[in-house]
Amino acid sequence: MSHIVVEGLSVRYNGQPALDNVSLEIPDRQITAVIGPSGCGKTTFLRCLNRLIDTMDQVRVSGRVLIDGADIFAPRANVISLRRKMGLLSQKPQVLPMSIYDNVAYGPRLHGVRRRRDLDGIVQRCLKMSSLWEEVHHRLRAPATGLSVGQQQRLCLARGLAVEPEALLCDEPTASLDPLSAQSVERLFVELKSRYTIVLVTHILRQAKRLADYVVFLYMGELVEHGPAERVFNNPRDERTRKYLEGVIS
Amino acid sequence: MRLRCAEELLFRALMVLSTIAVLSGLLLIIAVITVKGAGALSLDMITRLPTGGYYLGKEGGLLNAIVGSLLLGLGATACAALLAIPVALYLQHDYAGRRRWANLVRMSLDLLWGIPSIVYGAFGFTIMLYLGLRASLLGGIIALTLVELPIMARAMEEVLRMVSVELREASYSVGATRWETMRAVVVRQALPGLLTAILLAFGRGIGDAASVLFTAGYTDHLPRSLLDPVASLPLAVFFQLGTPFPEVQQRAYAAAFLLLALVLLVSVCSRLLTRRLSRHAVK
Amino acid sequence: MGVSIRQGSRLPGVDAAPAVPPDRRRGELSPQAVGSGRLLRERFSAALITLVSALVGLLTLVVIAALFLRSLPILRQHPLPELVTGTVWKPLAGQFGFWPFILGTLWVTVLAMVIATPVCLLTAVYLAEYARPSTRALVRPLVDVLAGIPSVVYGLFGVLLIVPFLGDDLAPFAQRHWGFLPWLSPGEVSTGYCVLAGGIVLALMVAPVIIAVAEEVLESVPAGAREASLSLGATKWETVKHVSLRLALPGLVASVVLGFARAFGETMAVLMVVGNVAQSPRSLFDPAYPLPALIANNYGEMMSIPLYDSALLLAALMLLTVVLVFNLLAEAVVWARKRAGQ
């Protein structure tokens, strides 16, 4: 059984449906690309998985999302440990207003890692995993805002990895990066997928084709089709998927 | 984990308590002033002049202060609007080509906004000495205009800035001049906001005591010209509270209640205005 | 574009392609020729607008200059340090010591800020980060009302409620139980007209200023920064503490500075409850005599005493200077923040 299972998930903003009765399983330790035209509910879907949807006003969520068998929308669910499990990489890199070191150490500190030596280890390991260590190890105390946008995005990735998540939720993570930085972030995803379940929202079809093992196609809030990447890209079953892949609708 | 949740709960409780404290301060003020003031209010109170002197006479009402405050407030608001509208227009990109000047004027307005009204009173009195004026309606209007001007101008500027660039460009693109664009498009589009700004400044002006203290004076009578001294509601509270006679203090309570009611009325009106008039605006 | 034009409106629209120019309707001008009348009106209005704005821009300087010129006579006779540190105020004898008044102002203002700052910042955080939109829509207008209440009404409220409470209840209680605390026990019997009464009333008055500015600053913190922290498993308060407050810090400082400036110059409400005795207060239950009250109580009356009027205008100039410096500080903080944000 895969550890993220979505059952009949519907979301309404202000009464307007944004997601309509979505049910699927997200395969473990693979890259799942969520594709579809803008405004189709991709980001909403992602924000349900770590319940960041809670921060928005006038939202109604129904249905279940099971992570490791437990419904995260259950009244007694622990949002904090859920969010710790589901790392987030947003569209625009959001570094916290502190040093590079403190950015990475922020999560572990919250969760009770106090010893300097442990923190140093975590920071080094995570920065290496996001292949930023070489570039910043001599200026860990510098403010994170001084990094380039591409570096900031990798720092955000390192920060997410530092709390030892099980999955990474990525919302168009390369949208605000230059092509070279985007490439290095994509390469990281390929490296990381052996250890993490990655859910990648993207509106770049070619990126999905390059990276995805599994594809989810959303259209106007409706789950149109999902399946292994090979199958969906080469042999779409639904007319709308075919049109989207051909670029007739976008 | 339990500690973290406890901290969360503690601060959340502190925040709710703080908010309640602020709001209960407001409600307490309204309650105290209403209870004291509504009891003191009567038809005589608002239709009669005080007899036997405002400080000692136990008979009569507040008509001098009500009329005085209205004259002062309306006069000052009109003067302030005449000055504030051009300034607010100037602060738009259309006029202030070079941003630096606009920023200087804006900063000056911010500073003027912060100047205590007692300083405006003292400054106004200095000007009056220079002009050879005594405490009078005119002097009070000058001082109050200074108090209201920055409030009104900044509020208006913000309202005008909300008018979108596209709308202005649409007007320019059919060959309208800046003045025509401002008058026919920007001001019209922003009208409810501009009126709200005027109301807001009127509310502030009519309640201000420190600026009219030496400039408008206080009297038992209604003014017959701009050069006569004039009474006002805030000073009616201030002076008549200090007397030893409870009958006279009643007038102070009534004046405070009238002021509070007026301010609440202005606040409600401006809210309604925003809703009512904005239907003419392009959304 | 979402732009809709009401029928018959003279507004040129964005997507209503060949829009009617504003003046054409009245048949004055054709759009082809800019008539000299239109040009004249444009030039004239622009000149007028610039002129008025220049005058308003200079007004601050005019106020400063006027007060300075009028306080020159006393500054010529007594050096400023002597005036500021002098403790004796006997205008008839030509002695003008401002120290008790300066001290009185500082006591009342600082006390007001000590009371108001934590409460207001917590309220602002609550409104910006925690409150539901419906709660916010309810509370915000109420805070605005608080900002609009005239100062004499605050003063009357203080006289009717706070002064009796302090004089009859708190002061005797403090005398009995807090005798060991020098600032908190009244030396003699307190009337209730005291520093603490002024501080409480002022705290209420500056609350809307601080709350409004602080809330605005907190709301400008980008949602993404908050989400980044939340997504790492931080609680809401941890996010506020480490991210929102840190990002908003300069603006929050500015809000408190603005509140301070507001409190510093407030006159009538303080004047009505603070007792107005020209002495240096030794406890919160002692009366004080702040600078604005000094001006309000005496200006315009005993103008025949030499230098008296000049001394009072010097007091106004002192107030003005402090308030302007604090406002400029707040302005600089906000400005630096904007620059850093770009």
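Being a predicted model, the structure only gives us computed values, none of them experimental.
Proximity to chain B (any heavy atom under 4.5 Å) is restricted, for C:Leu271, to the side chain, taken from C-beta onward. Looking at B:Val87, the atoms closer than 4.5 Å to chain C (heavy atoms on both sides) sit in the backbone and in the side chain alike. The parts of C:Ile149 that come within reach of chain B are both its backbone and its side chain, each placing non-hydrogen atoms under 4.5 angstrom from that chain. Proximity to chain B involves both the backbone and the side chain of C:Val63, based on heavy atoms less than 4.5 angstrom apart. For a residue to count as touching a neighbouring chain, one of its non-hydrogen atoms must lie under 4.5 Å from one of that chain's; by this rule C:Ala147 touches chain B with backbone and side chain alike. Both the backbone and the side chain of C:Leu146 come within contact range of chain B, judged by heavy atoms closer than 4.5 Å. If you measure heavy-atom distances from B:Phe257 to chain C, you find no contacts under 4.5 Å at all. Only the side chain of C:Tyr154 comes within contact range of chain B, with at least one heavy atom under 4.5 Å from a heavy atom of that chain. When heavy atoms are compared at a cutoff of 4.5 Å, B:Leu235 approaches chain C solely by way of its side chain, counted from C-beta outward. Heavy atoms closer than 4.5 Å to chain C are found in both the backbone and the side chain of B:Ile29. B:Leu83 touches chain C through backbone and side chain together, each having a heavy atom under 4.5 Å away. In this structure, no portion of B:Leu104 lies under 4.5 Å from any heavy atom of chain C. Residue contact with chain C, scored on non-hydrogen atoms closer than 4.5 Å, involves the side chain of B:Leu109 exclusively. For B:Leu10, no part lies near chain C; criterion is any non-hydrogen pair under 4.5 Å. Within the 4.5 angstrom heavy-atom criterion, atoms from both the backbone and the side chain of B:Leu14 approach chain C.
Contacts between residues 47-56 of chain C and chain B, defined by a heavy-atom separation under 4.5 Å, are made by C:Ile49, C:Thr50, C:Val52, C:Ser53, C:Val56.
Counting heavy atoms from C-beta on, the side chains of B:Phe123 and C:Val62 come closer than 4.5 Å. Counting heavy atoms from C-beta on, the side chains of C:Leu328 and B:Met107 come closer than 4.5 Å. Contact annotation: the side chain of B:Thr177 never approaches that of C:Arg41 to less than 4.5 Å [non-hydrogen atoms, C-beta and beyond]. Looking only at side-chain heavy atoms (C-beta outward), B:Met15 and C:Glu129 stay at 4.5 Å or farther from each other. Looking at heavy atoms from C-beta onward, B:Val22 lies out of side-chain contact with C:Leu142 at the 4.5 angstrom threshold. You'll find the side chain of B:Arg271 reaches within 4.5 Å of the side chain of C:Pro141, heavy atoms only. Counting heavy atoms from C-beta on, the side chains of B:Ile20 and C:Tyr126 never come closer than 4.5 Å.
When each of B:Ala209, B:Ala88, B:Ala84 is scored by its heavy-atom pairs under 4.5 Å with chain C, the top score falls to B:Ala209. Heavy-atom pairs under 4.5 Å with chain C were tallied for B:Pro234, B:Ala255, B:Ala256; the largest tally goes to B:Pro234. Of the residues considered (B:Gly121, B:Ser108, B:Ala122), B:Ser108 shows the highest number of contacts with chain C, using heavy-atom pairs under 4.5 Å. When each of B:Leu27, B:Leu262, B:Ile206, B:Leu241 is scored by its heavy-atom pairs under 4.5 Å with chain C, the top score falls to B:Leu241.
Counted within 6.0 Å of OH on B:Tyr172, heavy atoms from surrounding residues, nucleotides or ligands total more than 12; the atom is thus considered enclosed.
The distance from atom CZ of B:Arg4 to atom OG1 of C:Thr235, rounded to the nearest 0.5 Å, is 5.5 Å. Separation of atoms CG (C:Leu258) and CG (B:Asp110) is listed at 8.5 Å; rounding is to 0.5 Å. For the atom pair B:Leu28 CG and C:Ile162 CD1, the distance stands at 8.0 Å (nearest 0.5 Å). To the nearest 0.5 angstrom, C:Leu291 atom CG is 10.5 Å from B:Ile118 atom CD1. Annotation: the span from C:Leu156 atom CG to B:Ile33 atom CD1 amounts to 4.0 Å, rounded to 0.5 Å. Atom CG of C:Leu122 sits about 8.0 Å away from atom OG1 of B:Thr19, to the nearest 0.5 Å.
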Go through the steps for C:Arg262 and B:Trp113 under the test side-chain contact (heavy atoms from CB on, under 4.5 Å), then give the verdict.
CA-CA 10 Å; C:Arg262 192 31 57 113; B:Trp113 184 81; 4.1 Å; yes

Please determine whether side-chain contact (heavy atoms from CB on, under 4.5 Å) holds for the pair C:Leu160 and B:Tyr253, giving the CA-CA distance in whole Å, both sets of side-chain angles, and the decisive distance to 0.1 Å.
CA-CA 10 Å; C:Leu160 289 177; B:Tyr253 302 153; 3.7 Å; yes

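Shown here for B:Phe238 and C:Asn297, the closest heavy-atom pair between the two residues is CZ-OD1, 4.5 Å. In plain terms, the two heavy atoms of C:Leu204 and B:Gly25 that are nearest each other are CD2-CA, 4.0 Å. The minimum heavy-atom distance between C:Asn327 and B:Gly114, with the atom names listed, is ND2-CA, 3.8 Å. Between B:Pro116 and C:Gly265, the shortest heavy-atom contact is CB-O, 3.4 Å. For C:Val145 against B:Ser267, the heavy-atom pair with the smallest separation is CG2-OG, 3.7 Å. In terms of heavy atoms, B:Leu146 sits closest to C:Leu59 at CD2-CD2, 3.7 Å.
Results of the side chain to side chain contact (heavy atoms under 4.5 Å, CB included) test with C:Leu324 over B:Leu112, B:Val119, B:Leu111 single out B:Leu111 as the only residue that passes.
Residues passing the salt bridge (charged side-chain N to carboxylate O under 4.0 Å, His left out) test with B:Glu169: none are found, sequence neighbours excluded.
Here B:Arg178 pairs with C:Glu42 in a salt bridge; the nearest charged N to carboxylate O distance falls below 4.0 Å.
Within the cation-pi definition used here (under 6.0 Å to the ring centroid, within 45° of the axis), C:Arg38 does not qualify as a partner of B:Trp179.
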